[in-house]
Structures are given as structure tokens and as C-alpha cells.
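To start, the structure itself, in C-alpha cells.
Just so we're on the same page: letters track the sequence lines, and every chain starts at 1.
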Amino acid sequence: MKDPVITTQSQAKRRRIAPFVLGAACLTLAGSIAFTFSGARADESMADTPPSQLRRLTELQYRTAIADAFGPDIKVVGRFSPDLRIDGLQAVGASAVSVTPAGLEQYEDIARAIATQVTDKDHRDRLIGCAPSATDAKGAACARDFIQKVGLKLYRRPVSSAELQQRVAATLDSAARLNDFHAGLAATLAGMLTSPDFLFRIDWPDRSGRGIDAWSAASRLSYLLWNAAPDAALLAAAADGSLNTPAGRAREVERMMASPRFADGVRAFFTDYLRLDGMDDLSKDALIYPAFNSSVASAMREQTLRTITWLLVDKKGDYRDLFTTNAIAMNRTLGPIYDIPVSKTDWYIHQYPQGDPRTGLLTHASILAQHSHPGRTSPTLRGVALTEIFLCEKIPAPPANVNFAVVQDVNNPTLKTTRLRLQAHLDDEECASCHKRSDPMGLGLEQFDGAGQFRTLEHDVTIDVTGSFEAKPFNGAAAMGKLFHDSEQVSACLVQSAWRYAHGRNPVATDAADIARLTKGFAGEGHRFSALMRSIALDPGLIALPRTIRADAPRAKKQGVSG
Amino acid sequence: MTAAKMIDDRLVQGTTRRGFLLRGVVGGAAVTIGLPILDAFLDNNGTAFAATLGGGNLPVRFGTWFWGCGMIPDRWVPKATGADYDLPPQLQPIKDIRQHVSVLSGFNVSLGSRGNLPHLSGNTGVRTGGAADDWLAIRAPTLDVLIADAIGGGSFFRSLDLSADGNTRTSYSFRDGRTMNPTVPSATEFYRKIFGGDFNDPNKADFKPDPRVMVRRSVLSGVTDRRHALLNSVGASDRARLDQYFTAVREMEDKLALQLQKPPPAEACSIPAEPAALRAGADITDVEQRKQNHKMMAQMLAMALACNQTRVFNMNFSTAASDLRQSGNTTGYHQITHEEMVDRSIGYQPTVDFYALRNMEAWADFVAAMAAVKEGDGTLLDNMLVFAHSDVSYAKNHDVQGIPMMLAGSAGGKVKPGIHVAGAGEPISRVGLTIQRAMGLPAESWGLDDMTTKRSVSDILV
């Protein structure tokens with residue numbers, strides 16, 4: 001068995017417990033569980049994720065690439081294949097997925113619609129800049145310029161001369177067949193957008209066969225820091241070789257981190273880490289939570305992301321303060337959920353008074369609402385989510401034939417609060433072993449209902465929000481947030497997750513030292529998230545080819561594509 | 001010679017590759033073998049293929065129909081076996097289609113040493129022949145994928161996946177744990193996919209190959225030029241993924257080649273009107289609205305089948321752990337299955353019973369939509385085999401013993417419809433094996449671990 005969680009191994013071992021019951025958790029485990037939930041497995045180890053050189057672009061990365069290459073007015077219309085989340089991260093899933101026949105069909109549809117727009121009368125002057133007739137021999141030059149220019153942006157490397165030649169010939173052939181130069185060029189562009197060089201971020205081996213080439217390194221850096229393809233300056237650094245030097249690389253990393261686009265990279269990481277994409281599918285019972293609707297759900301996600309970038313990027317704050325801050329991004333849409341009169345039309349940073357129960361990330365409606373049922377809270381779902389996301393621990397599946405009747409009888413005359421009903425689990429030894437672990441954290445959040453609204457009573461009984469975390473007692477969400485702030489495991493889990501996000505795979509034993517060093521460095525630099533990103537970006541491991549791939553692809557060094 | 005020119009030449013010479021792919025997994029790596037041409041519409045291609053042709057040489061289609069949260073066994077399982085089985089209360093909705101529907105009760109999913117991940121273990125057990133507690137961890141493709149690999153290649157879509165819940169992620173069709181076939185989640189989207197710009201009307205009098213399609217195909221051929229360089233630069237697991245990508249490209253090339261040929265006529269095919277989009281704010285978790293949405297999708301699907309657009313489909317009526325609710329009701333079906341007390345005066349959970357009936361009404365709608373299309377001497381349904389099942393039997397306990405299953409249609413005469421078979425605790429994988437054999441697959445055994453079986457359910461097969 002592999003080490004379950006490298007940096008938190010000792011804690012994980014301490015916490016390892018025999019099979020247990022997560023009764024309430026099952027309530028929202030719909031069939032597509034692996035895609036909405038990190039995929040609880042019967043053991044605590046992470047999924048086996050072989051090192052990969054191919055990562056499928058996420059929908060957001062695809063959209064960003066099109067906007068960067070052609071401008072924001074080119075519409076990307078169509079349905080993308082759902083991204084896969086493995087052990088909590090889509091960044092890891094991206095290294096495991098491929099393209100199915102139905103998926104390719106969708107990509108081709110989307111690509112043709114983009115290509116039609118790029119070559120239409122409204123855009124061709126700006127985006128193509130030459131307009132030969134279908135039979136014009138000079139069309140070759142026009143096509144060549146376009147393919148070279150666009151190819152560099154889409155493939156994140158120069159188009160090889162062989163491909164260039166083939167694509168120019170195909171363009172002219174299509175143009176003649178369709179009797180329209182621009183239709184021919186559109187067909188070629190659609191082909192490029194359907195090609196693996198665009199749809200996958202590919203780590204091409206360098207000539208030594210031990211690392212990845214400069215173009216691939218540029219992509220790794222820019223997707224880590226910006227969640228976007230390399231810009232012209234970074235590509236230039238790849239072309240002139242400066243990116244291969246530590247100084248050149250550091251210079252580019254500093255430049256990128258100073259750019260406003262760094263916030264996009266931070267947002268992308270936290271969207272993945274906190275599973276905020278789940279807000280897209282979140283629905284609540286309209287009668288029980290009339291203040292909730294899909295635009296509120298989007299605003300909840302935006303609120304969390306804005307709070308994070310405000311604290312971690314703008315203020316260059318301590319990551320741990322996310323759990324204790326009284327500040328939260330707010331807008332008018334969210335006023336009713338937070339019971340705050342909002343007069344401003346734009347987003348602003350709202351300050352809660354000291355000692356307010358609404359303190360820190362754990363009290364954000366995005367997290368509270370997402371890990372609840374449509375019509376009520378679920379301390380177990382919340383506890384499981386907190387355990388998986390912030391402690392990097394996995395929760396196994398409950399055993400068969402659980403009797404849920406007591407736990408879920410909301411009209412039980414004697415067990416009026418969720419805590420009392422869940423207590424029934426703790427009276428059952430088999431259930432207790434794990435509910436003791438997950439429920440206390442969730443019960444600490446019970447003052448927030450299934451849509452994230454504050455309350456103090458459930459069925460007229462005062463809600464008890466006491467509990468303990470890491471053997472320390474707390475009373476309420478704010479106090480629990482303070483314990484999260486102080487927890488080494490919480491910080492270590494962030495580092496490990498950021499590493500997995502950057503590398504697109506789960507760590508193996510040989511990665512432990514690397515992650516331990518990053519963890520130490522993170523603490524040493526005051527838990528600054530940007531410092532962590534910088535360390536990961538500058539780590540030579542980020543651009544190394546994993547050993548297993550080196551052994552497996554002996555011909556790699558001969559096949560690297562040169563500019 | 002350019003690829004487009006080659007297509008033209010092949011068309012002239014009548015040698016356009018029009019094959020299907022047989023895939024398997026050998027030693028963990030996907031293996032793809034191109035087989036010689038087999039034409040779906042001519043009965044001259046050997047026994048395996050002929051086995052999936054029905055009366056009058058019409059193609060036989062296979063599909064699944066899924067609903068979540070099972071049933072109440074005492075109110076669903078017929079007492080009598082064989083033909084003319086009785087209809088307990090929860091099967092009353094199928095009374096008008098009973099002659100087309102076989103009921104399979106009492107077949108069990110064995111969990112082996114695994115825990116029961118509610119609503120998932122049973123579903124993976126039925127679909128892959130081995131229970132898994134995570135779709136990521138499934139060890140074999142789902143049944144529909146196996147069948148689509150064998151018979152899906154001759155038509156425009158290898159398979160069509162639909163979900164009436166509006167969510168493209170609601171799919172129980174997987175090639176492996178990392179490869180889910182997402183669903184088309186709305187009737188309008190489905191309509192555009194089938195009857196939109198790419199539709200090649202089988203009954204159109206004049207047929208001219210579209211040069212734009214030729215160009216698209218030639219562009220895809222250009223993509224495959226990258227195959228060699230890529231495969232040689234990556235490790236083994238990435239090669240398998242690239243192989244999957246290039247297989248998708250090849251399938252699409254084949255599809256576009258089909259577009260360049262005049263399709264064989266399909267007398268039952270008529271292009272339906274485009275369905276209206278759901279009104280803004282429509283709540284399709286509401287069970288009545290879901291049923292209407294599903295019925296519309298079923299009618300679209302029936303026409304897609306009659307027009308020979310696919311031979312394999314998956315239709316999900318609700319999610320596993322059913323997402324159905326009633327508007328204005330605070331607790332959903334799934335929560336109710338666990339929470340509602342058994343009413344002592346009637347002996348069952350009344351609200352759970354309400355939903356179970358709605359599920360069966362939707363199933364009846366689906367079968368009726370297929371039976372409403374005349375094809376050859378009979379109906380579309382006669383040339384289909386539809387496999388309906390749920391994720392659990394008695395939802396209150398997440399029971400995976402006796403998960404309810406039904407078959408509709410006679411698979412072109414290969415299957416005996418309208419009977420009740422009581423499984424008496426036999427492995428549920430016997431049903432999957434039977435289905436594969438009915439669809440002409442040369443499957444000797446199917447299922448994993450203690451669900452491995454070589455025995456089909458002989459009562460069903462003709």
C-alpha cells in the first residue's frame with residue numbers, strides 16, 4: 001500500500017480506523033459520484049495516478065486559450081465533456097482522461113463554430129489580414145502566416161515545418177474544393193483546434209530525455225501561475241533558451257506573478273481545491289430556501305474567490321488567516337443570504353465585527369451550501385468535505401445494510417436537532433468509529449442552514465455547536481476556524497494539494513522529501529500562498545520527466561519536436 | 001494524393017472503408033483491431049452480425065433504461081412466473097405493454113469483500129458484472145459499451161446517451177473508470193444532434209455528397225499524421241490515452257464517410273418537429289415535469305433509431321439515488337425512502353410507493369414510444385432489446401439483492417418477451433450475459449469474481 005498522504009502520514013495513521021458508517025453522507029451520493037465527490041474508496045490511499053505527459057485542457061483553459069488567441073468576442077458555444085476529479089482535484093483527473101468519440105464530436109463542433117467566426121467578414125481583416133482568392137497562388141503565403149501565428153498560440157510551441165507544409169497544402173486543397181479561401185482556412189483552423197497538440201498540454205521530452213523541453217516548461221509555468229497558455233514574452237524566453245537557466249526562469253516567474261493574471265491562476269487553484277465548480281449544479285428547495293437561486297450560487301462562488309484573492313494576492317496575507325478573517329467579499333445578490341443590507345452595486349469587502357459567528361472561510365455560504373442536502377444541512381457531508389479538502393484524508397465507504405431511519409427522521413418527537421439524531425450513530429460502535437471523526441466538525445457549522453444562512457435554533461431548540469478538533473475543544477464555527485488556522489495538518493494539506501495541482505498527479509514515496517521541503521518553506525515564509533506558488537514554480541522537479549516515463553519511452557530524446 | 005482526393009476516388013471505386021472496430025483490453029493497454037467491412041443493412045456478413053438483424057433484415061438495437069431508488073419488493077415482484085404473470089400494484093402502470101415486457105426478479109449482486117456504497121455498488125454490479133464502490137474503480141466496461149463495440153460501428157452514432165434530468169454528468173456508461181460517456185441532457189439538444197446539419201436523411205430522393213463533409217474528413221486525416229510522433233514521445237499509460245483519442249478520430253472519419261454515401265432507405269424514419277425548449281425556471285426534478293421531459297426525449301430517440309442513427313443507447317430517467325421530488329414538497333424521493341415510516345395500516349411507505357409508481361409510468365411511456373413506430377411488419381420495439389434496471393431493490397435499506405430489472409422488445413425474434421423470471425438469488429451477471437448473447441455477441445462468460453458466470457437465463461432466449 002502506498003503512503004496515503006505523504007505529509008500527514010502520522011496523523012493519517014493515528015486516525016486510521018476500521019470500516020465505518022457514513023450514513024447521512026450517502027444521501028447525496030448520486031451515481032456520478034466519482035465526478036461530484038472525490039470518490040471515497042475502501043482504503044485510505046489515493047488513486048494510482050501514473051505520471052503523465054498529457055493533460056486535457058479544462059473547459060476554462062480552452063475558453064481562455066480561444067480568448068487569448070482571437071479576442072473575447074469569439075464565442076465558444078457548445079458542451080464540453082465533464083472534467084474528472086480524482087482525489088479531490090480536477091488537475092489530477094486531467095492527466096487521466098482522454099477524448100471519447102462523443103467528446104471529439106463536441107470538440108469538432110465547437111472548433112468549426114470558432115473557425116467560422118475567426119474567418120468571417122467581421123473578423124478576417126483583424127485576425128487573418130490577407131484575402132487571396134480561392135485559386136490565388138499567393139494564398140499559400142497567407143495561409144502559412146496565419147497557421148504559424150495561430151499555431152504558436154494554440155500549440156504553445158512553433159508548428160513543425162512538416163505540419164506547416166501539410167496544413168498549407170490542405171488549406172489550398174480545401175479552398176479549391178469549396179471555392180472559398182476563407183472556408184478552406186476555417187477548415188484548417190478547425191483541424192488545429194481538434195488536434196491533440198491543442199486539446200492536450202503535452203510535455204515533450206528535451207534532448208537529454210530527463211527533462212521536458214523549454215516550450216513544455218513554459219506551459220507548465222503559465223498554467224500553474226495563470227491557468228492560461230504562455231504569453232508572447234514567455235514563449236520568447238523559451239525560444240531564446242533563457243527559460244532553461246535558473247535566472248531566466250526566476251525572471252519569468254517574477255514577471256508572471258506580478259501580472260494581474262496571477263490572480264486568475266490563484267482562482268483556478270482554489271476553484272479546484274475547494275470544488276467550487278460544484279456550485280454550477282447546486283440546487284436547493286425553493287420553498288425552504290427562497291433566498292437561494294442559481295445566480296446566488298454563482299455569487300457565492302465568486303465571493304469565496306474574491307475573498308481569497310483579496311487576502312492572498314492583493315494583501316499578500318497569510319493563508320491561515322483565511323480561516324479567521326472577519327473580512328468577506330460581498331455584493332447585493334448575497335445580501336439576503338447573509339442578512340446584510342447591501343447598498344453598493346459592486347463587490348466590496350465587508351467586515352464582520354470581532355467575535356461574530358460568521359468568521360473565516362468555513363462560514364462561507366459556498367462551502368456550507370454545497371455540502372448540504374437540498375432541504376437541510378448535513379453535518380456528516382460537511383465533516384467529510386472538510387476532512388477531505390482541508391486535512392487531505394479520505395473517507396471510506398459505509399458498509400452495507402445501514403439503518404438510517406433514526407438519523408433521518410426529522411419529525412422525531414424527542415430528537416429535535418440534527419446533533420441529537422446523529423448521536424444515534426455514536427451509540428452504535430461500528431458507526432461511531434468514523435462519525436466521531438467527521439461529524440464534530442460538521443456539527444460545529446450547524447448554526448448555518450443548508451443555504452448558508454445564520455440561525456441559532458432548530459425546532460425551537462438552541463443549536464449546540466461545541467466540539468473538538470485535533471483534541472482541542474471549540475464552541476462554534478469561528479473557534480473551529482481558529483483551530484484550523486493553527487493546525488499544521490491544514491497547512492501541510494494545502495501544500496500537498498498545490499503540489500498535486502502543479503504536477504497533475506498524486507505523490508509517490510520519492511516525492512515526499514520535495515513536499516516536505518515545500519511545507520517547511522511555506523511555514524518559514526509566513527504561510528504566504530504566493531511564496532508557495534513561487535517555490536513550486538522554481539522547483540526543478542516541476543520540469544523533470546518522472547523516472548517511470550524516462551524508462552518507458554527510450555526513444556523520447558529522438559522525438560522531441562524542435563522549434 | 002490528398003486525403004480528400006482519396007475519398008473521392010474511394011467513393012468512385014466503392015471502396016470507402018466502412019468498418020467497425022473491435023476493441024479489447026490486453027494487459028492493461030487498449031488494443032484496437034480494425035475488422036473488415038460489415039454492412040449493417042445487408043444480411044450477408046456471417047452469423048455474428050446476422051444475429052443482430054431482426055425480421056426483414058432490420059437492424060436490432062440495444063439500449064438501457066435506468067431509474068433510481070428501486071421499488072418496494074412486496075408491491076413490485078409478480079407472484080406468478082412465466083407468461084401472463086400477475087401485475088402487483090407497482091407494476092400496474094405497465095399493464096398495456098405487459099406483452100412486450102419481461103420482468104426479472106430475485107437476481108443478486110454479490111459485493112464480495114467490498115462495502116456497499118449506496119446506490120453505486122448495485123448499479124456497477126448490474127452494469128459491469130462486478131460491484132465497485134466507485135466508478136473510478138470499475139474493472140470492466142459497462143454492458144452497453146461492450147455491445148456498442150460489437151454492433152455500433154455501422155451507424156452514425158456508436159451510441160446515444162440521454163438523461164432526462166438535464167445533467168450531462170448523469171451517465172452510467174463507462175469504458176473504464178476514467179472514461180464516462182456523457183449524456184445529452186435535453187430534448188432540444190438531442191434533436192439538434194440528430195436532425196441538425198449533419199443529418200443524412202435516409203429517405204431523401206436525391207443524394208449529393210457534401211464537399212464540406214469531404215473537407216472535414218480530410219482535415220481529420222491530417223490530425224492522424226501526428227500520431228506517430230506523439231506515441232513515440234510518451235509513456236505507456238499516455239499511449240493508451242492517445243490511442244483512445246485517435247480511435248475517436250478514426251470513428252469520426254468513418255462517420256463522415258457514411259455522410260458521403262447515400263444511406264439505405266428507412267421506411268419508418270420521419271423527421272419530427274423540433275421540440276420546444278423547456279421554459280426558463282422549469283423544475284425537472286419535479287416528477288411530473290420529469291415525466292413529460294422524458295417522454296419527449298423518448299419520442300425523439302425512437303425517431304433517431306427508426307432513422308438508423310444509432311443501434312445502442314442509454315436513457316436515464318433519474319439519477320442513482322433518485323433526484324426526483326415534487327415541487328412544493330420539502331423532502332425528495334431519496335430522502336423519503338430512508339425517512340418515511342412504514343404505515344402500519346397499509347404495510348408500506350406510502351410516499352415511496354407514489355414515486356415507485358411514477359417510475360413505472362415513465363418506463364411504460366418509454367416502451368410505448370418505441371412500440372408506436374411501425375417498422376417492417378411490426379414495430380420498432382420488435383427490433384429492439386431494452387434493458388431497464390435500478391440501482392437498488394428496497395431503497396430504504398440500499399438492498400442490492402433482487403435489484404429490479406425488465407426487458408422490453410423481442411430483439412428481432414431472439415428474445416421471448418412478456419414473461420416473469422424469478423432469479424432465486426442467482427448472480428445478476430447472468431442477465432448481462434444473456435443480453436450480450438441475445439445481441440449476437442460471442443460471450444462465453446461474463447462477470448467478475450464470484451459473479452463470473454457462463455450461464456445465460458435460458459427462459460428469455462428463443
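To the nearest 0.5 Å, atom CD of residue B/E189 and atom CZ of residue A/R79 are 4.0 Å apart. Between atom CG of residue A/D285 and atom OG1 of residue B/T285 there is a gap of 8.0 Å, rounded to the nearest 0.5 Å. Put simply, CE on B/M180 and OG on A/S81 are 8.0 Å apart, with the number rounded to the nearest 0.5 Å. Separation of atoms CE (B/M214) and CG (A/D173) is listed at 11.5 Å; rounding is to 0.5 Å. Here the CD atom belonging to A/E108 is positioned 6.5 Å from the CG atom belonging to B/L256, to the nearest 0.5 angstrom.
Under the 4.5 Å side-chain criterion, counting only non-hydrogen atoms from C-beta, A/T100 is not in contact with B/Y245.
Contacts of A/D197 with chain B are made by side-chain atoms alone, with heavy-atom separations under 4.5 Å and no backbone atom involved. Using a 4.5 Å cut-off between heavy atoms, A/A170 does not touch chain B at all. Residue B/V249 touches chain A through both its backbone and its side chain, counting heavy-atom pairs closer than 4.5 Å. Using a 4.5 Å cut-off between heavy atoms, A/E105 contacts chain B through both its backbone and its side chain. No part of B/F66 comes within reach of chain A, as not one of its non-hydrogen atoms sits under 4.5 angstrom from that chain. Interface remark: B/N316 contributes no atoms to any contact with chain A (heavy atom separation under 4.5 Å). Within the 4.5 angstrom heavy-atom criterion, atoms from both the backbone and the side chain of A/L54 approach chain B.
Listed here is the closest heavy atom pair of B/V215 and A/A187: CG1-CB, 3.3 Å. When every heavy atom of A/W204 is checked against every heavy atom of B/A229, the shortest pair comes out as CZ3-O, 3.9 Å. In terms of heavy atoms, A/S98 sits closest to B/Q244 at CB-OE1, 2.9 Å. Listed here is the closest heavy atom pair of B/P211 and A/R177: O-CD, 3.9 Å.
Within a 6.0 Å sphere centred on CZ of B/R212, other residues, nucleotides and ligands contribute 12 heavy atoms or fewer.
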Under the side chain to side chain contact (heavy atoms under 4.5 Å, CB included) rule, what do A/L84 and B/W135 come out as? Steps first, then yes or no, please.
-> CA-CA 11 Å; A/L84 171 67; B/W135 280 108; over 6 Å; no
Test side chain to side chain contact (heavy atoms under 4.5 Å, CB included) applied to B/R178 and A/I86, step by step | CA-CA 9 Å; B/R178 276 129 211 231; A/I86 293 182; 4.0 Å; yes
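No hydrogens or angles considered: a donor-acceptor pair under 3.5 Å links the side chains of A/S52 and B/R241.
Chain B forms the most heavy-atom pairs under 4.5 Å with one residue out of A/T171, A/I202, A/L104, A/V99, and that residue is A/L104. Heavy-atom pairs under 4.5 Å with chain B peak, among A/R56, A/E163, A/Q106, A/R112, at A/R112.
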